[in-house]
There are 2 protein chains.
Amino acid sequence: MSYSLTVLEVSSRTWQEKRRESARQEILAAAWEAAHEHGLGALTLRDVAARVGMRAPSLYWHFDSKMALYDAMFGQAWASYLEVQKELVARPSASPRRVLKTIARTFFEFCVRDPVRHELMNLRSIPRFTPSPEAYAPAVEVLEQLRGLLMRLGISDDAGADLFTALLAGLIDQQLANEPGGDRWARLLDRTVDMYATEMNVPQDD
Amino acid sequence: MSYSLTVLEVSSRTWQEKRRESARQEILAAAWEAAHEHGLGALTLRDVAARVGMRAPSLYWHFDSKMALYDAMFGQAWASYLEVQKELVARPSASPRRVLKTIARTFFEFCVRDPVRHELMNLRSIPRFTPSPEAYAPAVEVLEQLRGLLMRLGISDDAGADLFTALLAGLIDQQLANEPGGDRWARLLDRTVDMYATEMNVPQDD
DNA sequence: GTCTATACACCGATAGAC
DNA sequence: GTCTATCGGTGTATAGAC
């Protein structure tokens with residue numbers, strides 16, 4: 001159940017550990033490739049192994065189980081979005097509503113751009129997969145960062161953050177479920193954020 | 001790929017057909033039971049078969065495949081909600097916002113009450129399962145009925161309906177994903193509908 | 001017509017040789 | 001570290017019993 005998250009790994013001391021770490025990364029890359037090709041749920045260890053020139057049982061030296069592989073992918077995906085959001089939050093801030101719209105659109109497009117990744121990050125589509133605390137950590141940090149940002153805009157109650165995430169989740173879900181590749185719900189983003197901002201008494205732009 | 005939807009089946013003429021129909025219903029009931037017990041994705045034909053005193057291959061006389069079984073369950077679930085919504089729409093209408101809140105809460109609670117059913121109806125959690133047009137029909141009718149209702153409240157554009165479904169989907173998703181059994185997002189229902197109604201220029205109650 | 005027995009290909013996972 | 005061999009599990013095709 002426990003294993004180290006490749007992306008967040010800091011101290012790989014010996015060269016053996018570095019070698020092993022790069023093998024993990026190679027396997028992970030192959031797993032993403034396979035998932036994009038055949039679907040997240042259709043991932044098989046034999047396929048992943050073949051892509052890195054191994055046999056399926058050999059993967060067990062690098063990952064405890066298939067779920068551990070999913071787990072590492074989950075952690076990678078959220079760590080990746082955390083980087084995006086960090087860079088976004090650090091930027092010189094615009095008007096409150098502009099900030100809300102930018103963060104909403106950034107997350108929306110991050111999800112819609114890669115439906116397989118979104119499926120792993122946000123849907124619970126793999127029957128018995130539950131992310132480990134280690135893999136879940138960057139997701140928690142994303143949410144904490146969002147809470148902080150909302151707070152600075154004057155939205156300090158939990159309900160305000162809960163509503164914001166629900167609105168985003170709903171738009172993304174509907175877009176991907178009913179019109180993948182389209183923009184029918186993407187077009188509602190700004191309007192939805194404005195509606196939300198008004199509800200939350202965030203001052204208007206002009 | 002094609003087969004008849006048990007729930008909507010109208011004319012079972014001969015007694016053989018009736019017998020066969022009741023066998024299908026028995027299998028479906030066993031499938032729901034198994035899904036609730038072990039999870040939707042963990043459903044196995046051997047388990048379902050055992051519950052009705054059969055062997056796994058025997059199910060193939062009643063259903064073309066495991067996916068056909070999922071498909072029939074999908075159709076059953078949506079047909080069931082269609083009945084609920086029909087009865088609700090037929091009732092003497094209250095104020096516009098009351099109507100919106102009632103329909104929102106009805107769908108929300110229908111979904112949250114049975115997460116396994118919701119997973120099948122609204123999430124795409126089964127890897128290669130796509131509902132057939134026959135099974136999807138009641139879902140389409142639910143949406144058409146909703147559009148008609150919104151129209152009568154003065155919300156006639158597609159965007160208005162799209163936004164309403166997205167708001168609902170988001171609240172349900174977050175409730176079930178982050179706090180199954182709780183009411184943290186359920187408590188946001190009325191507020192969200194009011195926010196939406198204001199955006200859509202639906203007159204206030206008082 | 002209804003069901004069973006058998007079999008097949010594939011899966012995740014383990015044991016142990018090298 | 002990576003292999004081969006193998007285990008118990010799955011969905012499913014088919015042949016045939018009755």
Side-chain angles (χ1 to χ4, degrees), chain A residues 1-4 6 12 14-28 30-31 34-35 37-73 120 125-130, chain B residues 1-4 6 9 12-28 30-31 34-35 37-73 120 125-130:
Chain A
M1 194 50 170
S2 132
Y3 60 92
S4 59
T6 58
S12 295
T14 75
W15 65 269
Q16 281 111 329
E17 277 170 357
K18 280 184 185 167
R19 183 75 199 83
R20 191 174 162 191
E21 190 47 42
S22 91
R24 276 180 64 97
Q25 290 298 339
E26 203 183 337
I27 292 167
L28 274 172
E37 205 160 312
H38 299 115
L40 185 70
L43 195 72
T44 71
L45 295 182
R46 282 164 174 83
D47 183 8
V48 174
R51 285 171 199 265
V52 296
M54 281 183 182
R55 305 296 200 165
S58 306
L59 296 180
Y60 281 82
W61 196 86
H62 300 277
F63 292 91
D64 286 348
S65 68
K66 188 186 183 183
M67 288 307 158
L69 186 54
Y70 276 130
D71 202 53
M73 294 168 76
L120 181 57
S125 79
I126 309 296
R128 273 160 293 264
F129 167 62
T130 313
Chain B
M1 193 52 169
S2 130
Y3 61 93
S4 59
T6 57
E9 200 63 43
S12 294
R13 294 212 158 70
T14 74
W15 66 270
Q16 280 112 330
E17 277 169 357
K18 281 184 184 166
R19 182 74 198 80
R20 191 173 165 196
E21 190 47 41
S22 91
R24 276 180 64 97
Q25 291 297 341
E26 203 183 339
I27 292 167
L28 275 172
E37 205 160 311
H38 300 113
L40 185 69
L43 196 73
T44 71
L45 295 182
R46 283 165 174 82
D47 182 8
V48 174
R51 284 170 200 264
V52 296
M54 282 183 183
R55 307 296 198 168
S58 307
L59 296 179
Y60 278 79
W61 195 85
H62 301 278
F63 292 91
D64 284 349
S65 68
K66 187 187 184 182
M67 289 306 157
L69 186 54
Y70 277 130
D71 202 53
M73 293 168 77
L120 181 58
S125 79
I126 308 298
R128 275 160 292 265
F129 167 63
T130 314

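Every chain is numbered from 1, with letters handed out A, B, ... down the list of sequences. Keep in mind the model is a prediction, meaning the values are calculated, not measured.
Side-chain proximity of B:His62 to the nucleotides D:dG1, C:dC3, C:dA15 is greatest for C:dC3. Here the side chain of A:Arg55 is nearest to one of D:dT12, C:dT14, D:dC3, namely D:dC3. In the set C:dG12, C:dT4, D:dG11, D:dG11 carries the atom at the smallest distance from any side-chain atom of B:Lys66. Out of C:dC11, D:dC3, C:dC3, the shortest distance to the side chain of A:Thr44 is found at C:dC11. Side chain of B:Met54, nearest nucleotide from D:dT2, C:dT4, C:dG12: C:dT4.
Each of A:Ser58 and A:Arg46 was assigned the nucleotide of DNA chain D with the nearest heavy atom; the assignment lying further toward the 5' end belongs to A:Ser58.
Whole-Å rounding puts the B:Met67 CE to D:dG11 C1' distance at 9 Å. As a whole-Å value, the separation of A:Leu45 CG from D:dC3 P is 14 Å. For B:Glu26 and C:dT2, the CD to P distance is 13 Å, given to the nearest whole Å. Here the P atom of nucleotide D:dT10 and the OH atom of B:Tyr70 are 12 Å apart, to the nearest Å. The nearest whole Å value for the distance from the CZ atom in B:Phe63 to the C1' atom in C:dC3 is 16 Å. For A:His38 and C:dC10, the NE2 to P distance is 13 Å, given to the nearest whole Å. Rounded to an integer number of Å, the gap from CG of B:Leu59 to P of C:dC3 is 9 Å. Put simply, OH on A:Tyr60 is 17 Å from C1' on C:dG16, counting in whole angstrom units.
Using a cutoff of 4.0 Å between basic side-chain nitrogens and carboxylate oxygens, B:Arg24 and B:Glu17 are not scored as salt-bridged.
Residues A:Arg55 and A:Ala49 approach most closely at C-CB, 3.5 Å, considering heavy atoms. Looking at every heavy atom in both residues, B:Tyr70 comes nearest to B:Gly41 through OH-CA, 4.0 Å. Of all heavy-atom pairs spanning A:Ser65 and A:Tyr60, the tightest one is CA-CE2, 4.0 Å.
The shortest distance between the side-chain N/O atoms of B:Arg20 and the OP1/OP2 oxygens of C:dG1 is not below 4.0 Å.
Cation-pi geometry between A:Arg20 and A:Trp15 is not satisfied (NZ or CZ under 6.0 Å from the ring centre, within 45° of the ring normal).
Nucleic acid contact class of B:Leu43 (heavy atoms, under 4.0 Å, all strands): sugar-phosphate only.
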